[in-house]
Amino acid sequence: MDSAAKDEQPAHVKHLAAFLIRHHSDQLHSMALSQDPKLHFPLYVNFAELMDDDPPLSHLVFSQPTEYLRLFDEAAVWAHKVILGDLNGSNKGIKKEFIHVRINISGSPLECPETFPSIGRVRVKHRGILLTLKGTVIRSGAIKMYEGERKYMCQKCKHEFLVYPELESRNSIKLPSYCPSQRSKPCEGTKFGHLEGSITCHDYQEIKIQESTHVLGVGAIPRSIPVILKDDLVDIVKAGDDVIVTGILTAKWSPDLKDVRCDLDPILIANYVRRTNELKSEIDIPDDAIMKFKQFWSDFKDTPLKGRNAILRGICPQVFGLFTVKLAVALTLIGGVQHVDASGTKVRGESHLLLVGDPGTGKSQFLKFAAKLSNRSVITTGLGSTSAGLTVTAVKDGGEWMLEAGALVLADGGLCCIDEFDSMREHDRATIHEAMEQQTISVAKAGLVTTLSTKTIVFGATNPKGQYDPDQSLSVNTALSGPLLSRFDIVLVLLDTKNPEWDGVVSSHILSEEEPDNGKQDEDLANIWPFPMLRRYIHFVKGYFRPVLTKEAEIVISSYYQLQRRSATGNAARTTVRMLESLIRLAQAHARLMFRNEVTRLDAITAILCIESSMTTSAIVDSVGNALHSNFTENPDLE
């Protein structure tokens, strides 16, 4: 840039460029050394840093971002040239045309609800300021090109100026009414010529983000908003990602269709996009909580099963008994360790659980509770879900096809609860086979062929078809196919059998829940764990332990598996290699639940008990008066 042009820069640009050179010279240096001059480069600036450095300027960037972010980009190019001038002694740097300043607001006052509303609360007052929205990407469009700014020259005074397209009127160019030159004697020319070769083209992509379902109240419909990504931001997110987008809210005329009223639709022009997939599983676990866990297990060093049962009592405390189900829910949520061999073949670490039972046995209670325990969950019913509801669908939007993610894709990395599992459509049953075992969904719809990740725990609940017949196999009773049933690690059958002792115990438990003075919440970990503690514990053991099988555990599991293979009757579909994998996963999950890094004989036996109870007809009757608990000590001879 020559010195005359340098002095023409507005004062703000100089301020901004000075700020960039002071704080971000390392980013500018690496840009200068990069080889491709045509690329669009991002330059990341923390808003909190800008506020400390120059509060009035940061306020202008916040209140008039359309203008000041453009000035910031000019300042970045200018600062880049200054740094390039320093480098040119060594002839290394290459001049770059396009540098975009990306404003990261994390840790700054802009994280308050006024400038970081939920998508459903976006209003006209947010228009034209730097706004931040958080949501899940539900669809991502194709990448297109569009013409950005172009240069015009006044025919009278030969003044050159840039004209930017207007997004509101679908990127049409609007020329000024007279020459915008800032001279002492105005030129007032009205004829402008377009300069050849001065058009800048940009990459352009539209995505749609929807507010996360777990922050909504009951009955609220999740709202969504289209987001425009340009240049270096395109193609960095895909459907199902959690994102935080900072940008400028503006409006766009809806397409002019015959006999349809034209509206202004809100749309966010993104300036900075941050994927929070890595953070989506973050439940903050303070150090004192970890100390509590360690203290708890050192107290129960001699009676570990008693300690484990105290944790299990915290699962669905309003449901009495059902010890096996609570153990199964805990093991399913914790899961095993994913195993990848040298050739890249994966064996999933997530366990799946299916509850089959009569009405009124608390299946949906467990589903709801598990969804609250998991840090990312989607609840759906098999009947109400269309094929899109569970897997993925192709939708036509403005003449082009896009993919929209369904429940299994949105629950990636979390838990998907499917109630009324038996009433699922045929199409979904075929897709869910792949989603549960290979943990991907392959799509070929409307010319879009792709594979989406579904590392999801599937937790299903279903009613038996008619009266449950203990003599028939599970697949006859539930009308679910054998291959689908074999994908569930644990299938528990809850039958409402008539048992006078059990009925008496249950009724007194339910009535005592109704008494008003029982509302005391005491932090007595030795007896029952409170919900927040339980949630943290499950999250902590999932991330912290990677259990390995010991020799004894291997002997127990392999001998049980061989025994089952020899006596395989009726449950032949379940007695496959899948069962062996399920045993290993459940044993690893139990070791994690017991706060250990190796899978002992005890864990292997518990895993076998879980699988055994999923083969017997009734899991309720076994646990009257906690009969399962007394079994534990005599059972190591099970092999």
Side-chain angles (χ1 to χ4, degrees), residues 1-2 4-17 40 57 59-78 97-101 124-131 144-204 206 226 228 230-231 247-257 260-271:
M1 210 183 239
D2 54 354
K6 246 184 200 179
D7 299 331
E8 264 183 33
Q9 292 290 346
H12 284 308
V13 175
K14 288 184 179 164
H15 271 301
L16 290 164
H40 291 256
L57 195 58
H59 181 73
L60 286 170
V61 170
F62 159 68
S63 56
Q64 304 167 28
T66 317
E67 186 183 339
Y68 276 87
L69 287 174
R70 261 179 212 162
L71 290 177
F72 230 146
D73 289 0
E74 283 174 34
V77 174
W78 195 45
E97 299 287 331
F98 310 109
I99 300 175
H100 305 283
V101 171
V124 171
K125 65 176 182 183
H126 295 119
R127 194 176 167 189
I129 60 169
L130 201 61
L131 186 74
K144 303 173 180 170
M145 256 166 70
Y146 90 106
E147 287 185 3
E149 58 274 26
R150 24 170 118 192
K151 252 189 185 155
Y152 282 87
M153 186 169 74
C154 170
Q155 305 282 20
K156 189 171 170 189
C157 67
K158 301 287 183 263
H159 170 70
E160 292 180 7
F161 56 93
L162 280 173
V163 179
Y164 290 91
E166 280 192 349
L167 193 106
E168 280 92 340
S169 51
R170 287 199 226 95
N171 296 334
S172 59
I173 292 271
K174 194 176 168 193
L175 289 174
S177 44
Y178 55 87
C179 174
S181 63
Q182 307 275 327
R183 305 217 171 131
S184 48
K185 187 165 171 270
C187 128
E188 293 183 351
T190 52
K191 285 205 170 121
F192 312 111
H194 170 233
L195 293 178
E196 284 299 317
S198 67
I199 298 178
T200 312
C201 280
H202 297 271
D203 291 321
Y204 170 97
E206 277 193 36
I228 289 181
K230 290 195 227 174
D231 302 323
I248 307 163
L249 184 75
T250 169
K252 181 178 178 181
W253 286 107
S254 55
D256 37 356
L257 303 168
V260 177
R261 188 174 147 202
C262 220
D263 291 326
L264 278 169
D265 300 326
I267 193 162
L268 187 75
I269 303 175
N271 169 263

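Note that the structure is predicted; figures quoted are calculated from it, not measured. Values below: all heavy atoms of this structure, side chains included; hydrogens, waters and symmetry mates excluded.
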Distance col, row C201:SG vs M145:CE, nearest 0.5 angstrom, shows 4.0 Å
Is E206 salt-bridged to K252, cutoff N-O under 4.0 Å?
yes
Any side-chain heavy-atom pair of I173 and Y152 under 4.5 Å:
yes
Between L16 and W78, is there a side-chain heavy-atom distance shorter than 4.5 Å?
no
d(I129 CD1, Q64 CD) to nearest 0.5 Å is 12.0 Å
Of all heavy-atom pairs linking V163 and K174, the shortest is CG1-O, 3.6 Å
How long is the gap from OH on Y68 to NE2 on H59, to the nearest 0.5 Å?
10.5 Å
Could you report the tightest heavy-atom contact between P266 and L249, atom names first, then the distance?
CB-CD1, 4.3 Å
Is there a side-chain contact between K158 and M153, using heavy atoms and a 4.5 Å cut-off?
yes
Rounding to 0.5 Å, atoms CD (E166) and OG1 (T250) come to a distance of 9.5 Å
Do R150 and T200 come close enough that some side-chain heavy atom pair is under 4.5 Å?
no
Side-chain donor or acceptor of D73 paired with backbone N/O of V101 under 3.5 Å
yes
Would F161 and F192 count as a close aromatic pair, with their ring centres under 6.0 Å?
yes
Any non-hydrogen side-chain atom of P165 less than 4.5 Å from a side-chain atom of Y146?
yes
Can you tell me if NE2 on H194 sees more than 12 non-hydrogen neighbours from other groups inside 6.0 Å?
yes
What is the distance from atom OH of Y204 to atom CG of D231, rounded to the nearest 0.5 Å?
12.5 Å
Verify the neighbour count for atom NE2 of H15: are there more than 12 heavy atoms of other residues, nucleotides or ligands below 6.0 Å?
no
Looking at every heavy atom in both L130 and P65, which two are closest together, and how far apart are they?
N-CG, 3.7 Å
In terms of relative ring orientation, are H100 and H40 parallel, tilted or perpendicular, with 30° and 60° separating the classes?
parallel
Gap between atom CD of E149 and atom CZ of R70 - 0.5 Å precision
8.0 Å
Can you find a heavy atom in the side chain of Y164 that is under 4.5 Å from one in the side chain of L162?
yes
What I'd like to find out is whether the side chain of K230 reaches to under 4.5 Å of the side chain of I228, using heavy atoms alone.
yes
Return the minimal non-hydrogen interatomic distance between I248 and G128, and the atom names on each side.
CG2-CA, 4.3 Å
